[in-house]
**Q** 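Dumping the structure here so I can ask a few things about it.
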Amino acid sequence: MQHLSKTVLFVALLGAICTTQAPVMANDIVPTPKQSRSVLIKNATVHTVSQGVLSNTDVLIENGKITAVGPQLTSQINNATAETSDTQIIDASGKHLYPGLIALDTSLGLVEIEMSRPTVDNAEVGYINPQISTATAYNPDSELIPTIRYNGITHAQIVPSGDGLAGQSVLVDLDAWTIEDAMTPSAGQFHVYWPQIKRMPEDEKEKAKAIEKNQQAIDKLNIAFEDGYRYFLSDKANGKDKNQNEDPQSATNNLRWQAMLPLYQGKATLFAHADSVGQIEQVIALTKKYQFKLVIVGGYDAWRLDSSLREVKAGVIYPHTLSLPKRKDEPVDLPFKIPSLLANAGIPFALGFSSDWNSRNLPYAAGYSAAYGLTPEQALKSITLDAAKLLGVEDLGAIAVGYQGSVVLSEGDILDPMTNKIEAIWIEGRQIDLNNRHQQLYQKYLKR
């Protein structure tokens, strides 16, 4: 060993690390092939989200889409389609059928083991990175994914972390071989983490430094957005909206500002991570200046600014349902009530869960909000149809004709951890394997 070169030692060590990490970096669940057989789910209690709850109702899924919803579809559909061996018929009597749940503001597929740095790829170096997309780092083989979808989550928004203009997120379905297979078409999603002073120092000099540093961070963001806007105006004046023939490395084609063009063109949405009144007001001012489409992520104080948010037609992704209050003098149950306050204020909102593995608790967070002011229908909608709308997706989040055939069959209430028991999940009409690491370990230790 003493005679080995440093290079050889490094390669050997790297190989050992890769070997030890390999088992936790990929799951062994094989993605389901594209739907080839029609699926008829009969006699279910169907939670359509868009048309209420329908009892003893059938749902037909063909070629990845819902093609019929109604009672006794077997007798109404052409025999060549519904009653041949090419159609999978499932009796769901006494069971509940839901749209697939959509997990917003997650780092799923970017983080495997939080305490193991080689398995964490959720942020990029630098403060201004609008050109960075989580699609380049997303791992569709993550061991966490099967455990997340076991709770009825079929889609997730994969969001970059960090400070400043952190990059772009993507919407994926949770059963795919590659990122290309996983990506679900949606509007562009740019994420900015608005600066804040997390804890104000008591010392006056330190307080002044903290305020100055925070303002410098805000100024840096404002300069970046202004530079992007000038690039947009120049691009528009030159008639180069598509930039198909330009060299991406040329001086006139800055990669950062080029990436931001859809934001100024109204084809993308700015997801601003902000909680306090001051932060949200600053983001609203920015939005008015550039006419951005806006979604506030966090939004702890958003209900206090209802008129301002309605003025700019902003939505809110609220991820704090299971959190403690942010201020000492606030009621302990305020985080549970904020979704109902948003609903009462007429602000479009959806519930999120800012985590990786813990995002599996999304349906139970919605259940909490239903216990503190939302109706069960509103709570379900906040993690299905409303979530899809905030992402600019028009055919996801409801059980209706023309929507994606992404549905969940449960023995009980999907928002209730005591009665929820997922029996089957379909993503675009293909029934996925519900096996996962948790189930494997459970079965293993039953035999001990």
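Throughout, residue positions are numbered sequentially from 1 according to the sequence presented.
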**Q** Would you say the side-chain atoms of Tyr264 and Gln291 include a donor-acceptor pair closer than 3.5 Å?
**A**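 There is no such pair between these side chains.
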**Q** Given Tyr290 and Glu226, is the side chain to side chain donor-acceptor pair (under 3.5 Å) satisfied, shown in steps?
**A** CA-CA 9 Å; Tyr290 300 114; Glu226 183 63 22; 2.5 Å; yes
**Q** Quick one: closest heavy-atom pair of Ser406 and Ile427, and the distance?
**A**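 Closest approach of Ser406 to Ile427: OG-CA, 3.7 Å.
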**Q** Over all heavy atoms of both residues, which pair between Leu101 and Pro363 is shortest? Give the atoms and the distance, please.
**A**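 Smallest heavy-atom distance, with atoms named: CD1-CB, 3.7 Å.
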**Q** Could you please spell out the steps behind the side chain to side chain donor-acceptor pair (under 3.5 Å) verdict for Glu330 and Tyr300?
**A** CA-CA 12 Å; Glu330 292 177 334; Tyr300 187 83; 2.5 Å; yes
**Q** Do His155 and Gln404 come close enough that some side-chain heavy atom pair is under 4.5 Å?
**A**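 Heavy-atom side-chain distance check passes, below 4.5 Å.
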**Q** If we only count heavy atoms from C-beta on, is the Leu396 to Ile102 side-chain gap below 4.5 Å?
**A**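 Yes, side chains in contact.
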**Q** Could you tell me if Asp105 and Ser354 have a donor-acceptor pair between their side chains, going purely by distance under 3.5 Å?
**A**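 Yes, because at least one side-chain N or O of Ser354 sits under 3.5 Å from a partner of the opposite role on Asp105.
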**Q** Sequence neighbours left out, what passes side-chain hydrogen bond (donor to acceptor under 3.5 Å, both in side chains) with Gln157? Give chain and number order.
**A**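 Residues passing side-chain hydrogen bond (donor to acceptor under 3.5 Å, both in side chains) with Gln157: Ser169, Gln189.
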**Q** Indicate whether the side chain of Asp219 and that of Gln215 have a donor and an acceptor atom separated by less than 3.5 Å.
**A**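 A donor-acceptor contact under 3.5 Å links the two side chains.
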**Q** So which pairs with a foot in residues 335-359 pass salt bridge (charged side-chain N to carboxylate O under 4.0 Å, His left out), sequence neighbours left out?
**A**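 Listed once each, the pairs are Asp333-Lys337.
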**Q** Taking the basic N atoms (NZ, or NE/NH1/NH2) and the acidic carboxylate oxygens, is any pair closer than 4.0 Å for Lys288 and Glu311?
**A**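 Salt bridge present between Lys288 and Glu311.
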**Q** What distance do Thr154 atom OG1 and Ile432 atom CD1 have between them, rounded to the nearest 0.5 Å?
**A**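 Output value for this atom pair is 8.0 Å.
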**Q** Can you name the side chain to side chain contact (heavy atoms under 4.5 Å, CB included) partners of Lys421, sequence neighbours left out?
**A**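 Result, side chain to side chain contact (heavy atoms under 4.5 Å, CB included) vs Lys421: Glu411.
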**Q** Are side-chain heavy atoms of Leu108 and Ile158 found at a separation under 4.5 Å?
**A**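 Counting from C-beta outward, Leu108 and Ile158 do come under 4.5 Å.
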**Q** Where does the angle between the aromatic ring planes of His47 and Tyr98 fall among parallel (under 30°), tilted (30 to 60°) and perpendicular (over 60°)?
**A**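 Taking Tyr98 first and then His47, their aromatic rings lie parallel (interplane angle under 30°).
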**Q** I need the minimum non-hydrogen distance between Thr147 and Arg360, along with the two atoms involved.
**A**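 So the two residues come closest at O-CB, 4.3 Å.
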**Q** Are Leu221 and Tyr127 side-chain neighbours, meaning at least one heavy-atom pair lies under 4.5 Å?
**A**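 Side chain of Leu221 against side chain of Tyr127, heavy atoms only: contact under 4.5 Å found.
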**Q** Would you find more than 12 non-hydrogen atoms of other residues, nucleotides or ligands less than 6.0 Å from Tyr364 atom OH?
**A**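 Yes, because the 6.0 Å sphere around OH of Tyr364 holds more than 12 heavy atoms from other groups.
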**Q** Scan residues 129-138 for pairs that pass side chain to side chain donor-acceptor pair (under 3.5 Å), counting only residues two or more places apart or in two chains.
**A**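 Output for this query is empty, none listed.
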**Q** In terms of the angle between their ring planes, are Tyr368 and Phe336 parallel, tilted or perpendicular, with boundaries placed at 30° and 60°?
**A**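 The arrangement is tilted - the two ring planes meet at 30° to 60°.
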**Q** Please round to the nearest 0.5 Å and tell me the distance separating atom CD1 of Ile153 and atom OG1 of Thr384.
**A**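 Separation between the atoms: 12.0 Å.
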**Q** In the structure I gave you, are the side-chain heavy atoms of Leu415 and Ile383 within less than 4.5 Å of one another anywhere?
**A**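 Contact flag for Leu415/Ile383 side chains = yes.
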**Q** Check whether any side-chain heavy atom of Val30 sits under 4.5 Å from a side-chain heavy atom of Trp177, and report yes or no.
**A**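 Yes. Closest side-chain heavy atoms under 4.5 Å.
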**Q** Between Ser161 and Ala166, what is the shortest heavy-atom contact and its length?
**A**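 Heavy atoms of Ser161 and Ala166 come nearest at O-CB, 3.6 Å.
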**Q** Under the side chain to side chain contact (heavy atoms under 4.5 Å, CB included) rule, what do Leu434 and Ile422 come out as? Steps first, then yes or no, please.
**A** CA-CA 9 Å; Leu434 293 183; Ile422 304 298; 4.2 Å; yes
**Q** Taking the side chain as C-beta and beyond, is there a heavy-atom pair between His273 and Trp194 under 4.5 Å?
**A**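 His273 does not reach Trp194 side chain to side chain.
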**Q** By side chain to side chain contact (heavy atoms under 4.5 Å, CB included), which residues pair with Tyr445, not counting sequence neighbours?
**A**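 Listed in chain order: Leu441, Arg448.
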**Q** With a 4.5 Å heavy-atom cut-off, do Glu112 and Leu144 have their side chains touching?
**A**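 Result yes, sub-4.5 Å side-chain heavy-atom pair found.
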**Q** Report yes or no: do Ser142 and Asn139 form a side-chain donor-acceptor pair below 3.5 Å?
**A**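 Ser142 vs Asn139: no donor-acceptor pair found between side chains.
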**Q** Could I get the full list of ring pair (Phe, Tyr, Trp, His ring centres under 6.0 Å) partners for Tyr318, not counting sequence neighbours?
**A**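 Once residues adjacent in sequence are excluded, the partners of Tyr318 under the ring pair (Phe, Tyr, Trp, His ring centres under 6.0 Å) criterion are His320.
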**Q** Without hydrogens or angle criteria, can the side chains of Ser107 and Asn122 be said to hold a donor-acceptor pair below 3.5 Å?
**A**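 Distance-only check fails for Ser107 and Asn122.
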**Q** Kindly say whether the aromatic ring centers of Phe225 and Phe292 come within a distance under 6.0 Å.
**A**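 Centroid separation for Phe225 and Phe292: below 6.0 Å.
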